[in-house]
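Have a look at the structure below, then the notes.
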Amino acid sequence: MNIKKNIALSDSGFVFDPSSGDSFSTNPIGLEIIKMLKEGKSADEIKKHVVDNYLTDESSFEKDFYDFVNVLVKLKVAEEGKK
Amino acid sequence: MAKKKKTITVAVTGLNAIDSPGPGVPVIRGLRESKEYDVRIIGLSYEALEPGIYMHDLVDKTYQIPFPSSGMDSLLTRLQYIHSIEKIDLIIPNFDAELFSFIKLADHFDKVMGIKVFVPTEQQFEERHKANLDEFGKKHGIKVPYSKMIFSTAEIPMLKDKFTYPLVVKGKFYDASIAYTPEQAANYFNKISAKWGLPIIIQQFVHGQEVNVTALGDGKGTTIGAVAMRKTYITDKGKAWAGISISDDNLMKMTTKMIKSTKWRGGLELEIIKTNEDHYYLLEINPRFPAWVYLAVGCGQNHPDALMRLAMGEDVKPFKKYDVGKMFIRYAYDMIVGLDEFEKISTLGEL
């Protein structure tokens with residue numbers, strides 16, 4: 001899973017897909033995760049970063065993370081199986 | 001010191017700006033922003049309530065012209081009169097229904113009256129017609145949904161042999177409705193044919209996202225400019241009330257291929273469906289700029305200005321890029337107009 005290369009992110013959490021014209025808003029933690037995915041970080045690296053820095057545990061994070069990733073794929077912000 | 005602009009008089013049609021707006025006003029806005037020409041605009045209207053007639057900051061003078069159904073002779077007579085007063089350099093027609101007359105008269109305008117008209121050739125105009133789009137797609141290697149012309153509701157029951165429902169019922173110039181049953185198809189056939197005549201075009205419905213391109217061809221195969229847009233707010237007539245410029249290499253390739261293959265001359269709009277599998281189907285080619293052409297100007301490609309310069313014989317270099325993520329948002333604006341102005345355009349045919 002990889003964030004599409006041309007996706008534009010702003011610091012306010014505004015996500016813009018220039019190939020479809022779609023735009024979305026995400027909260028600060030969503031933005032942080034998208035940024036890490038864009039940098040090519042693995043799910044384990046992202047999990048470690050979030051669990052170390054926020055009040056959550058690994059199993060809660062994993063559930064929410066995979067839900068979030070599924071949403072990103074559905075919205076075509078991310079592509080499965082592409083690097 | 002700034003370069004002195006050349007003066008030019010341009011006559012423009014399509015001054016209506018209702019819920020299905022004409023391209024005249026946005027074309028004029030583009031012309032007014034020309035860096036090379038100081039433009040005097042002559043509006044050509046069909047009805048007294050076309051808003052552009054009363055936009056005096058955009059249109060210098062307006063003349064009524066006869067409806068296309070009146071024939072070419074009456075159009076020519078009227079334009080000869082207007083030309084005798086205004087000394088027109090260029091006419092930019094903006095309606096599908098009037099284009100045939102302007103294409104037919106283009107040679108006369110140029111050689112006898114000295115007026116330029118930068119429009120598609122008659123062959124280009126005819127072969128991209130909705131009724132001929134299937135053949136057009138095959139000839140130019142572009143995917144087009146299967147379509148068929150019909151002339152009577154008696155042909156509708158047989159459609160099930162070649163089509164699956166839903167299908168699209170289209171008028172020859174305007175209007176399209178999606179029919180889910182033969183009964184709905186018959187209903188739309190009657191409604192649309194009553195307004196736009198026959199034939200009616202039946203087109204296979206393709207699921208996907210509609211995207212549009214406004215472009216300009218130089219008549220020699222070069223794409224001078226092309227901007228892609230996705231509608232983000234659509235009226236109940238299916239018209240864009242807001243849209244955003246997008247970046248799509250496949251769309252640009254399809255556009256340049258089509259313009260190169262046809263040697264398209266003039267402005268055009270491509271209506272395309274992009275499926276979830278990333279296949280692109282051409283739904284329609286409109287042989288003039290769309291009403292949203294000012295988005296192209298806002299994105300850095302002034303297509304109306306480039307068309308004007310091409311028409312005047314200038315060497316126009318193709319645009320290489322445009323801003324992605326620029327939006328247009330239409331709005332309704334109430335002008336207050338004195339009855340004397342309405343009286344003038346209604347009785348004298350000019351304002």
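Values below: every heavy atom of this structure, side chains too, minus hydrogens, waters and symmetry copies.
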With a 6.0 Å cut-off (strictly less than), is the heavy-atom count around [atom1] of [X], excluding the residue itself, greater than 12?
| X | atom1 | answer |
| --- | --- | --- |
| B:Tyr233 | OH | no |
| A:Lys38 | NZ | yes |
| A:Tyr66 | OH | no |
| B:Tyr333 | OH | no |
| A:Lys4 | NZ | yes |

Turns out that what part of A:Ser23 lies under 4.5 Å from chain B's heavy atoms comes down to neither
If one checks every heavy atom of A:Asp22 against chain B at 4.5 Å, the contacting part turns out to be both
Item to check | B:Val324 versus A:Pro18, closest heavy-atom pair with distance | outcome: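 Taking every non-hydrogen atom into account, CG1-CB, 3.5 Å.
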Can you tell me how far [atom2] of [Y] sits from [atom1] of [X], rounded to the nearest 0.5 angstrom?
| X | Y | atom1 | atom2 | value |
| --- | --- | --- | --- | --- |
| B:Ile246 | A:Asn6 | CD1 | CG | 11.0 Å |
| A:Ser19 | B:Arg230 | OG | CZ | 10.0 Å |
| A:Phe16 | B:Ile244 | CZ | CD1 | 4.0 Å |

